[in-house]
Amino acid sequence: MKKADYFIIILLLVATFPAIQSLLPPGFFNTHDGPFHLIRLFHFYNELISGQFPVRWAQDMAFWYGYPVFNYYYPLPYYIGSLFYFVGFSLGESIKSTITVSLIGSVIFFYIFLRNFFQPFPSAIGALFYLYTPYRFLATYVNGTLGVIISFLWLPLILLFLTKLMRTKKIIYLPLLSLALFSLITSHNSSTVMFLPIILGYFLVLLYQSSSKFKDLKRFSLALLLSLGLSSFFILPALTEISYVKLGHIEVHNSSEHFPTIRQLIYSPWGYGFSDSGINDQLSFQVGIAQWIVVVFSILILFKKILINKIYNQKFLFPLFWLAVFILNLF
C-alpha cells in the first residue's frame, strides 16, 4: 500500500467511531441473544482453562447435567472472547471488545480488498458502505448474533486473499486463504452457508479471467480442503451427532409468515423487538436508502454502457457478478 492508503485508513478508523461508540460505555447492552453469549462465554472459558481443548462440552450448564452446546454452536467468537476475558476484561467487556474488533477490522480489510480494483477514495466509500449497512447494526445492536457479527470480518479477508492468490500466483496466499475460510466456518454456521456460494462465484469470475486455470483451480481446491481439515474438529462432531439434537426438529414458527415486503426492504422503521407475522414487525428489514441509490445508479450505468452504447468487455464481469449477488441475497 502507498502512504495515501495509511492516511485513509486513519480516516476510516475515525469514521468508524459512530458505529462503535455505543460499545464504549461500561456495562453490557441488551439484545435478543446477548445474555446467552454472556452465559456461554463464561462456561466456555471455564472449560478452556480447565484443559478441555477444543471445547465441546459445558459440564456445569443445564443445571449441572452438562450441555454439548459448543458441539453445534460456532466456537471461534468464544475463543476470541476468552482471550479478552483472560487478560482481565469482564464478560460483557469481552463480548463488546470482540464485536469492536470485528466492526473495525471489517472496514479496514474491505478497504484493502477494494484497493485491488479502485482508487483510494472510492475504496474508502465502499468500505464505509460495508459497515454502515442497516443489517450490520441490526445484527449488532438488536439481534446480538455474535457469529453473524464476526463473520463479516472474514469475508473481505477471504476475497482479498483469493484475489491475491489468483492474480499474483504467490503461494503465501494459499495458507492465508485457508485460515480465513477456517475462521468463517468456525464463526457462524449459517453465514458460512450463505457466503460460500458468493465466494465460489467470485472464484469462478477470477478463474474465467485467469491464464492458468488448471493451476488456480488446484490451489483454490487445496485451500478449501485445508480449511475443512482445520475446522473438522467442529464440523465432524456437529454433523455426526446432529441426530441427537431435538431443537432442529421443533417448528418454532412458520417462516413463510415472516418474509418482508418490498416496501419493508426499501424502508421500515427501526425497532428493538422481534419479527411478527405479517407486516407489523418490531424491527427493521430495510436494505438501506444509500445502498438502494447505489444499486439503481449502477443498473442504469450498466444498462447504458452495455445495451445502449453496446460496450462490453471483461471489466463488466465484476459489477454484473456483484449485482447478481445483491439480487439473490435480496431474494
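- Here Tyr72 and Phe234 keep their ring centres 6.0 angstrom or further from each other.
- In this structure a side-chain-to-backbone donor-acceptor pair under 3.5 Å is missing from Ser97 to Ser94.
- Annotation: side chain of Trp154 is in contact with side chain of Leu76 (closest heavy-atom distance under 4.5 Å).
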Problem - Pair Arg56-Glu241, salt bridge (Lys or Arg N to Asp or Glu O under 4.0 Å): steps then yes or no - result: CA-CA 12 Å; Arg56 296 180 62 197; Glu241 299 177 18; 3.1 Å; yes
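- Residues Phe70 and Tyr74 keep their aromatic ring centres 6.0 Å or farther apart.
- Of the possible donor and acceptor atoms, one in the side chain of Lys96 sits under 3.5 Å from a partner among the backbone N and O of Pro25.
- For residues 104-129, the salt bridge (Lys or Arg N to Asp or Glu O under 4.0 Å) pairs, not counting sequence neighbours, are Asp5-Arg115.
- Within the 4.5 Å cutoff, no side-chain heavy atoms of Ile95 are placed close to those of Leu91.
- In this structure, the side chains of Met166 and Phe203 come closer than 4.5 Å at one or more pairs of heavy atoms.
- The side-chain heavy atoms of Leu103 and Leu23, taken from C-beta on, include a pair separated by under 4.5 Å.
- You'll find the side chain of Pro54 reaches within 4.5 Å of the side chain of Tyr79, heavy atoms only.
- For Lys213, the NZ atom is densely surrounded, since the number of other residues' heavy atoms within 6.0 Å is greater than 12.
- Side chains of Trp292 and Tyr267 form no contact here, defined as non-hydrogen atoms less than 4.5 Å apart.
- A side-chain donor from one of Ser210 and Asp216 sits under 3.5 Å from a side-chain acceptor of the other.
- For the 3.5 Å distance criterion, the side chains of Tyr202 and Thr163 qualify, holding a donor opposite an acceptor.
- Between Thr186 and Phe233, some side-chain heavy-atom pair lies under the 4.5 Å cut-off.
- Counting only N and O atoms by type, the side chains of Ser268 and Ser284 include a donor and acceptor under 3.5 Å apart.
- A cation-pi arrangement is not found for Arg40 relative to Tyr78, the charged atom failing to lie both closer than 6.0 Å to the ring centre and inside a 45° cone about the ring normal.
- The closest side-chain heavy-atom distance from Leu138 to Trp270 is below 4.5 Å.
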